[in-house]
Amino acid sequence: MSARVKVKSISTVQSSEPHLYELNANYKTIYLLLSPDVSHVKYTYMIVFLLTFFNALIYRKVFSKHIENRAMYKAAPIEDVEPKLVIDLYSKSLFLDGKNDAQSQLANKPLCFYLAMIEFSNDYPDINLHLNKDVPSELLSIAEKYFHRLSVLGHTVRKRPNFSNSLEKTLSEVRAALDEILRDSPKLKAKLYPPKAHGEGSRSKLHSYGLKGLSASDYEIRGK
């Protein structure tokens with residue numbers, strides 16, 4: 001039943017039909033008429049067609065997904081990564097992370113005071129710093145800690161400065177160092193730049209020079 005040919009007829013009479021085979025036996029000629037079984041060819045063609053069809057569907061689906069992913073990648077907006085301020089105790093310099101072509105250096109007193117402002121503002125975000133009030137003892141303690149750190153790093157330090165005196169001058173030096181660095185980073189400047197006083201006389205003394213809204217990603221202290 002699984003043969004690829006079938007016997008259609010057995011006869012002693014010759015005919016002109018195709019697939020006729022002649023057998024000679026005992027002085028007698030017998031003619032076999034065979035019929036080829038080509039049904040398997042039909043099924044083979046069908047299988048090949050179905051495989052081709054399914055492959056085309058799969059390729060179309062994968063290709064469409066690839067095009068969709070590329071379109072989404074191209075359409076996705078590139079978020080601007082806000083740089084952070086780097087305060088390097090080794091060189092006593094300030095610069096933006098990845099953009100250290102623009103640097104500013106600070107003297108010992110304004111550098112230590114600014115570092116203390118940053119740390120104090122993180123620890124006590126609800127406390128305002130006013131020019132007409134004494135500098136909090138916690139802030140002064142942090143400033144002295146950084147001053148001692150500079151000496152440990154090998155910087156030339158003279159007598160310990162009085163961080164409570166000449167506060168406006170100290171803040172002016174800090175702002176001057178930050179002006180050039182933070183010029184093109186307004187969001188970062190709003191957090192790290194000591195606010196200036198507005199108005200005159202007693203009104204200007206009421207403003208807070210403290211830093212507000214700081215997060216750990218806004219700055220980096222090296223050599224701490």
Side-chain angles (χ1 to χ4, degrees), residues 82-100 102-153 155-200 202-224:
E82 190 72 18
K84 60 183 176 182
L85 178 67
V86 177
I87 306 170
D88 188 2
L89 290 173
Y90 297 106
S91 60
K92 299 196 300 183
S93 61
L94 285 70
F95 56 89
L96 290 182
D97 185 31
K99 300 181 180 180
N100 54 1
Q103 295 188 13
S104 292
Q105 288 192 310
L106 278 173
N108 294 341
K109 181 179 178 179
L111 176 63
C112 293
F113 190 83
Y114 183 55
L115 287 167
M117 284 181 59
I118 292 176
E119 194 167 317
F120 181 86
S121 297
N122 271 329
D123 294 341
Y124 307 96
D126 298 326
I127 296 181
N128 291 323
L129 300 174
H130 298 291
L131 288 172
N132 63 338
K133 294 183 179 180
D134 293 336
V135 179
S137 59
E138 294 86 355
L139 194 152
L140 295 176
S141 177
I142 298 171
E144 291 175 1
K145 177 191 70 173
Y146 280 111
F147 183 78
H148 175 70
R149 180 59 181 164
L150 290 180
S151 65
V152 172
L153 292 175
H155 293 293
T156 301
V157 293
R158 297 180 178 86
K159 64 177 183 178
R160 182 178 61 85
N162 187 337
F163 292 104
S164 297
N165 292 343
S166 306
L167 187 53
E168 291 189 34
K169 179 177 182 297
T170 301
L171 291 174
S172 295
E173 292 180 22
V174 172
R175 294 188 187 105
L178 294 172
D179 275 330
E180 182 66 23
I181 299 173
L182 301 178
R183 180 181 58 185
D184 298 326
S185 302
K187 292 182 180 179
L188 198 61
K189 185 174 182 178
K191 297 179 181 181
L192 288 165
Y193 192 86
K196 292 182 179 180
H198 297 285
E200 298 179 358
S202 61
R203 286 189 302 166
S204 66
K205 301 290 185 179
L206 294 176
H207 98 288
S208 174
Y209 58 85
L211 307 175
K212 298 295 184 181
L214 281 181
S215 64
S217 61
D218 294 327
Y219 65 92
E220 177 186 352
I221 302 174
R222 297 180 181 174
K224 183 177 179 180

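Taking every heavy atom of both residues into account, Ser121 and Gly210 meet most closely at OG-C, 4.4 Å. Closest heavy-atom contact between Ser91 and Gln105: O-NE2, 2.9 Å. Residues Ala143 and Ala116 approach most closely at N-CB, 3.5 Å, considering heavy atoms. Closest non-hydrogen pair, Leu192 versus Ile118, comes out as CD2-CD1, 4.4 Å. Minimum heavy-atom separation, Leu140 to Ser164: CD1-OG, 3.5 Å.
Annotation: the span from Leu106 atom CG to Ser104 atom OG amounts to 7.5 Å, rounded to 0.5 Å. Atoms CG and CG, from Asp88 and Leu94 in turn, are 9.0 Å apart once rounded to the nearest 0.5 Å. The CD atom of Glu180 lies 12.5 Å from the CD atom of Gln103; values are rounded to the nearest 0.5 Å. Expressed to the nearest 0.5 Å, how far OG of Ser93 lies from CG of Leu89 amounts to 9.5 Å. In this structure, CD1 in Ile181 is found 11.5 Å from OH in Tyr193, a value given to the nearest 0.5 Å. Interatomic distance, Glu138 CD to Tyr124 OH, rounded to the nearest 0.5 Å: 4.5 Å.
Using a 4.5 Å heavy-atom cutoff, the side chains of Leu150 and Cys112 are in contact. Residues Tyr209 and His130 have side chains not in contact (no heavy-atom distance under 4.5 Å, counting atoms from C-beta outward). Considering only heavy atoms from C-beta on, Leu178 comes within 4.5 Å of Pro194 through its side chain. In this structure, the side chains of Arg149 and His155 stay at 4.5 Å or more apart for every pair of heavy atoms.
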**Request:** May I have the step-by-step check of side-chain contact (heavy atoms from CB on, under 4.5 Å) for Leu96 and Leu188, ending in yes or no?
**Result:** CA-CA 10 Å; Leu96 290 182; Leu188 198 61; 3.7 Å; yes
**Message:** Does Leu85 form a side-chain contact (heavy atoms from CB on, under 4.5 Å) with Phe95? I'd like the steps, not just the answer.
**Reply:** CA-CA 6 Å; Leu85 178 67; Phe95 56 89; over 6 Å; no
**Prompt:** Are Lys191 and Leu211 close enough, and set up right, to give a side-chain contact (heavy atoms from CB on, under 4.5 Å), and what steps lead you there?
**Reply:** CA-CA 6 Å; Lys191 297 179 181 181; Leu211 307 175; over 6 Å; no
**side-chain contact (heavy atoms from CB on, under 4.5 Å) evaluation trace for Tyr146 with Leu111** = CA-CA 9 Å; Tyr146 280 111; Leu111 176 63; over 6 Å; no
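Atom CG of Asn162 has more than 12 neighbouring heavy atoms from other residues, nucleotides or ligands inside a 6.0 Å radius. At most 12 heavy atoms of other shown residues, nucleotides or ligands fall within 6.0 angstrom of atom NZ in Lys169. Within 6.0 Å of NZ in Lys187 there are 12 or fewer heavy atoms belonging to other residues, nucleotides or ligands.
Between Lys84 and Asp218, no side-chain nitrogen of the basic residue sits less than 4.0 Å from a carboxylate oxygen of the acidic one, so the salt-bridge criterion is not met. Arg222 has a carboxylate O that lies under 4.0 Å from a charged side-chain N of Glu220, or vice versa, which qualifies the two as a salt bridge.
The main-chain N or O of Ser166 is found under 3.5 Å from a side-chain atom of Thr170 such that the two form a donor-acceptor pair. Proximity of a side-chain donor or acceptor of Arg160 to a complementary backbone N or O of His148 within less than 3.5 Å is not detected. Judged by distance alone, the side chain of Ser185 and the main-chain N or O of Leu182 form no donor-acceptor pair under 3.5 Å.
Using a 3.5 Å distance cut-off with no hydrogens or angles, the side chains of Asn128 and Lys212 do pair a donor with an acceptor. A donor-acceptor pair shorter than 3.5 Å can be found between the side chains of Asn108 and Lys92. With 3.5 Å as the limit, one finds a donor-acceptor pair spanning the side chains of Asn122 and Tyr219. Remark: the Tyr114 side chain and the Glu173 side chain contain no N/O donor-acceptor pair separated by less than 3.5 Å.
Between Phe113 and Phe163, the ring planes lie parallel to each other; the angle is under 30°, not in the 30° to 60° tilted range.
Pro110 pairs with exactly one of Leu171, Val174, Leu115 by the side-chain contact (heavy atoms from CB on, under 4.5 Å) rule, that one being Val174.
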